[in-house]
Protein chains: 2
Amino acid sequence: MAATSIKEVARHAGVSLGTVSNVLNRPNTVSPATRQRVLDAIAALGYVRNDSARQLRAGQSRTIAIVVLDVANPFFTDVVRGAEQVVEEAGAMLVVCNSGEDGARERRHLDLLEEQRVRGVLITPVGHGRHPGLERLHERGIPVVLVDRGSGRASRCSVAVDDVLGGRLAVEHLLDRGHRRIAYLGGPLTIPQVADRHAGAAAALAERHPDTPLRVATTNTLTVAAGRRAAEDLLALPARQQPSAVFCANDLIALGVLQQLTERGVRVPDDMAIVGYDDIEFAGAAAVPLSSVRQPRELLGRTAAQLLLEESTAGAEHRHRHVVFQPELVVRRSSDHRRP
Amino acid sequence: MAATSIKEVARHAGVSLGTVSNVLNRPNTVSPATRQRVLDAIAALGYVRNDSARQLRAGQSRTIAIVVLDVANPFFTDVVRGAEQVVEEAGAMLVVCNSGEDGARERRHLDLLEEQRVRGVLITPVGHGRHPGLERLHERGIPVVLVDRGSGRASRCSVAVDDVLGGRLAVEHLLDRGHRRIAYLGGPLTIPQVADRHAGAAAALAERHPDTPLRVATTNTLTVAAGRRAAEDLLALPARQQPSAVFCANDLIALGVLQQLTERGVRVPDDMAIVGYDDIEFAGAAAVPLSSVRQPRELLGRTAAQLLLEESTAGAEHRHRHVVFQPELVVRRSSDHRRP
DNA sequence: CCGGGCGGCTGAAACGTTTTACGGGCGATA
DNA sequence: TATCGCCCGTAAAACGTTTCAGCCGCCCGG
């Protein structure tokens, strides 16, 4: 029962090993009568293919992995859903791994995935994305597609959104609304998305007000809780140094800031404007609907998966591509207030 | 390179196959000198274990799967995080599968997982949880733990929260606040959680007002979009039939309702009170902070994973357990208003 | 009537591990 | 010094597939 193998099926149907395998993999090379006999045997014995053996023979699995920074972040869940669609259509299986912004955990996951000889990996790496784990996958011939990360390297595909532009859009909007003391909240800056959004924001501010620096408050993670703490730090500043607007590295931070400010009686956007990033589903439903930079999340996931499948099938003649999408600013109430 | 096997390592180190395997699995049975030689060879060749072969030999994998109804629902992402902790501590790997409330997809996933001979499955099944897929896993000796679902069956473990009590808490609270025309929003009722919460709500109402029925509006899914549509339907009712309070099967529905009502100028809680379910992180950050029935989400995941690991190691002498947690009502502004 | 081709099936090899039975030294003990 | 264990290490079998070379019988054309 537990050990129903192709061999038992063969015996039960009175045929050879190879024939059963043919029924499974190339049904039309087997005569209808035999085929039926084998299928009956399979049903009678409750036989289920053993994927390990298949993989061992084939040298690779039908599994594709996606490694994200935070499974609980709605941005990534949407990316996952996009990827899922494409992967399942291709008859493969998507496994979701969570690095939790922790390099060591990411590393462990990649090691495990390499041991499993996965067919490919979609990843938003924790750091710069050059660590040996990724390189090794590449050397082994396992395709890797960077998600939400541009890549200078020609050696792999990537799918990204122009984060520098996103940062710029956010800050230009705030400047248009009359703000000048603007703070950027998020971190750690080792996360490239965080750094790029910062770069765009700083550039936009520098162009219009070369002498006004962009205040930066870094957080350890991109979560609601971190946002609350950051807001608290902001409120501790002397009044003169307090910004009139904050641009947050993602919506979770922004929602945390919003909650904390509201709790402390600071009015949004009158006393302080907020712009977030990602435009997750909950941004529009917030206490004060949140302005945010929208990214095409599902499209990001779908495209990444497509590139991966293409590379995995095309093999040597595959040409690496770098797809970059444009973000889009969605203005809602949290920043829709002209500064007097 | 791509095909570095244990055999090549052995040749390179000048030892036999078995010795390399011993170094990997029982390092202390091999002399330090030889061990070092083997380790050097491994490093030099960049050898990585082939998990397929391992599994094939072992007969089962080190992978544990969790099948959830919706990866994008914060309730499940928290359950996943809880399970993840436990599973990783045990040196196994957690793969997340998304059924999307779709029975066929759930079925496909279970088939694939069975082919992979996973070590166990945590699942919140789409329907009643008695379909042949789950039975088959059980017959094959693969442990299954039901998550967020009580189980009448003694044949497997389960971890759940008392949803009937949760429904009751919500409605009793609304009754205390002077409401009487109460509606229950959510669906489909084939999802046991949805049905149980409804049962508790209906019972609570019946006890206090035997002649007042609980109005029910069912949705197709438990998403924000479905909530918006449900609210729209509600508003289309003649004024006399409109409820003064709605209890929603989960927070996503509740947030959708809230958004739509706000958009249509209905004041919450003055014109209509709302109570959600799950108390997801975003509930407190909503336009009107949402009252909600809180469930111990991470604990649910952790406990489920623990039961699974226990069953998987204990084997025959394992006794199935059914853990039930108590929900807790969190009152926030969306229902904090005494009806005149 | 013979040779060739072909459809349908068989049998064995191979994938990379782990495990187990076994062998060859070597030190300790009598 | 001979014998017994003991420690290291070896070789081979087994796990369940897939694939490939080959075999058999049949039909068809010559």
Side-chain angles (χ1 to χ4, degrees), chain A residues 1-39 41-42 45-63 111-112 114-119 140-142, chain B residues 1-39 41-42 45-63 112 114-119 140-141:
Chain A
M1 183 111 331
T4 352
S5 76
I6 226 179
K7 204 185 305 183
E8 296 199 45
V9 174
R11 200 159 43 77
H12 192 275
V15 296
S16 81
L17 272 189
T19 304
V20 178
S21 176
N22 281 333
V23 169
L24 259 32
N25 301 305
R26 293 182 294 283
N28 43 346
T29 69
V30 174
S31 76
T34 315
R35 190 192 314 151
Q36 194 53 49
R37 212 145 30 95
V38 172
L39 290 177
I42 288 178
L45 297 173
Y47 166 76
V48 173
R49 261 167 148 125
N50 182 327
D51 209 46
S52 317
R54 244 148 98 70
Q55 280 184 39
L56 174 58
R57 188 70 233 272
Q60 70 162 14
S61 77
R62 294 167 311 157
T63 299
D111 285 350
L112 239 23
E114 190 178 354
E115 288 191 8
Q116 302 194 12
R117 305 294 193 267
V118 291
R119 195 155 130 207
R140 186 172 293 278
I142 296 180
Chain B
M1 181 109 329
T4 354
S5 75
I6 225 178
K7 203 184 306 181
E8 296 199 46
V9 174
R11 198 158 45 77
H12 193 274
V15 296
S16 81
L17 272 189
T19 305
V20 179
S21 177
N22 281 333
V23 170
L24 260 33
N25 302 304
R26 294 181 293 284
N28 42 345
T29 69
V30 48
S31 75
T34 316
R35 191 194 313 153
Q36 194 53 49
R37 214 145 29 94
V38 171
L39 290 177
I42 288 178
L45 296 172
Y47 165 76
V48 173
R49 261 167 147 127
N50 182 328
D51 209 46
S52 317
R54 244 147 95 74
Q55 282 184 36
L56 174 59
R57 187 75 233 275
Q60 70 161 16
S61 77
R62 294 167 309 157
T63 300
L112 239 23
E114 190 178 354
E115 288 190 9
Q116 301 194 13
R117 304 293 193 268
V118 291
R119 196 156 129 205
R140 187 172 291 279

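In what follows, chains are A, B, ... by sequence order, proteins preceding strands, each numbered from 1.
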Trainee: Applying a 3.5 angstrom cut-off to the pairing atoms, does DNA chain C sit in any stems of at least three consecutive Watson-Crick or G-U pairs? List them by first number.
Mentor: C:1-30 with D:1-30
Trainee: Partners of A:Q60 by side-chain contact (heavy atoms from CB on, under 4.5 Å), sequence neighbours excluded?
Mentor: A:R119
Trainee: Who are the side-chain contact (heavy atoms from CB on, under 4.5 Å) partners of B:Q55, not counting sequence neighbours?
Mentor: A:S52, B:D51, B:S61
Trainee: Nearest whole Å is fine: how far is C:dG16 C1' from A:L56 CG?
Mentor: 5 Å
Trainee: Decide yes or no on side-chain contact (heavy atoms from CB on, under 4.5 Å) for B:V30 and B:V38, but give the supporting numbers first.
Mentor: CA-CA 10 Å; B:V30 48; B:V38 171; over 6 Å; no
Trainee: Can you see which heavy atom on A:Y47 is nearest to which on A:T4, and at what distance?
Mentor: CD1-O, 3.3 Å
Trainee: Atom CZ of A:R11 to atom P of C:dT10: distance rounded to whole Å?
Mentor: 15 Å
Trainee: Quick one: B:Q116 CD to D:dC15 P, roughly how many Å, whole number?
Mentor: 22 Å
Trainee: Whole Å only: how far is the CD1 atom of A:I6 from the P atom of D:dC15?
Mentor: 14 Å
Trainee: Of all the nucleotides listed (C:dT19, D:dG16, C:dT17), which has the minimum atom distance to the side chain of B:N50?
Mentor: C:dT17
Trainee: Start with the C-alpha distance between A:Q116 and B:Q116, add both sets of side-chain angles, then the distance that settles side-chain contact (heavy atoms from CB on, under 4.5 Å), and finish with yes or no.
Mentor: CA-CA 11 Å; A:Q116 302 194 12; B:Q116 301 194 13; over 6 Å; no
Trainee: Give me the distances for all protein-to-nucleotides 21-28 of chain D N/O pairs that come in under 3.5 Å?
Mentor:
none

Trainee: Identify whether any heavy atom of B:D51 sits under 4.0 Å from a base atom; if not, whether one sits that close to sugar-phosphate; answer base, sugar-phosphate or nothing.
Mentor: nothing
Trainee: Any chance you could lay out the side-chain contact (heavy atoms from CB on, under 4.5 Å) test for B:H12 and B:L45, step after step, and finish with the verdict?
Mentor: CA-CA 9 Å; B:H12 193 274; B:L45 296 172; 3.9 Å; yes
Trainee: Using a cut-off of strictly less than 4.0 Å, decide whether A:R49 has a side-chain nitrogen or oxygen near OP1 or OP2 of D:dG16.
Mentor: no
Trainee: If you define the side chain from C-beta out and look only at heavy atoms, does anything of A:I6 sit under 4.5 Å from A:L17?
Mentor: yes
Trainee: Rounded to whole angstroms, how far apart are CZ on A:R62 and P on D:dT17?
Mentor: 13 Å
Trainee: Hey, could you give me the CZ/CD1 distance between B:R49 and B:I42, rounded to the nearest 0.5 Å?
Mentor: 8.5 Å
Trainee: Of A:N28, A:T29, A:T34, which is the lone residue that meets side chain to side chain donor-acceptor pair (under 3.5 Å) with A:S31?
Mentor: A:T34
Trainee: For nucleotides 21-24 of chain C, list the nitrogen or oxygen atoms of the protein found under 3.5 Å from its nitrogen or oxygen atoms, one pair per line.
Mentor:
none

Trainee: Are A:R54 and D:dG16 close enough that a side-chain N or O sits under 4.0 Å from OP1 or OP2?
Mentor: no
Trainee: Going 5' to 3' through nucleotides 7-12 of chain D, assign each nucleotide B (protein heavy atom under 4.0 Å from a base atom), S (under 4.0 Å only from sugar-phosphate atoms) or - (no protein heavy atom that close).
Mentor: -SSB--
Trainee: Find the distance B:R26:CZ to C:dT19:C1' and express it as a whole number of Å.
Mentor: 7 Å
Trainee: Is the shortest heavy-atom distance from the side chain of A:N50 to the side chain of A:R54 under 4.5 Å?
Mentor: no
Trainee: Could you check whether any side-chain N or O of B:R35 sits under 3.5 Å from a backbone N or O of B:V23, counting only pairs where one atom can act as donor and the other as acceptor?
Mentor: no
Trainee: Distance from A:L39 atom CG to A:L24 atom CG, nearest 0.5 Å?
Mentor: 8.0 Å
Trainee: Hey, does A:V15 have a side-chain heavy atom less than 4.5 Å from the side chain of A:V20?
Mentor: yes
Trainee: Mind calculating the distance between CZ (A:R117) and P (D:dT17) to the nearest angstrom?
Mentor: 21 Å
Trainee: Please name the pair of heavy atoms, one in B:R117 and one in A:V48, separated by the smallest distance, quoted to 0.1 Å.
Mentor: NH2-O, 3.0 Å
Trainee: Can you check the B:R57 CZ to C:dT18 C1' distance for me, whole Å?
Mentor: 4 Å
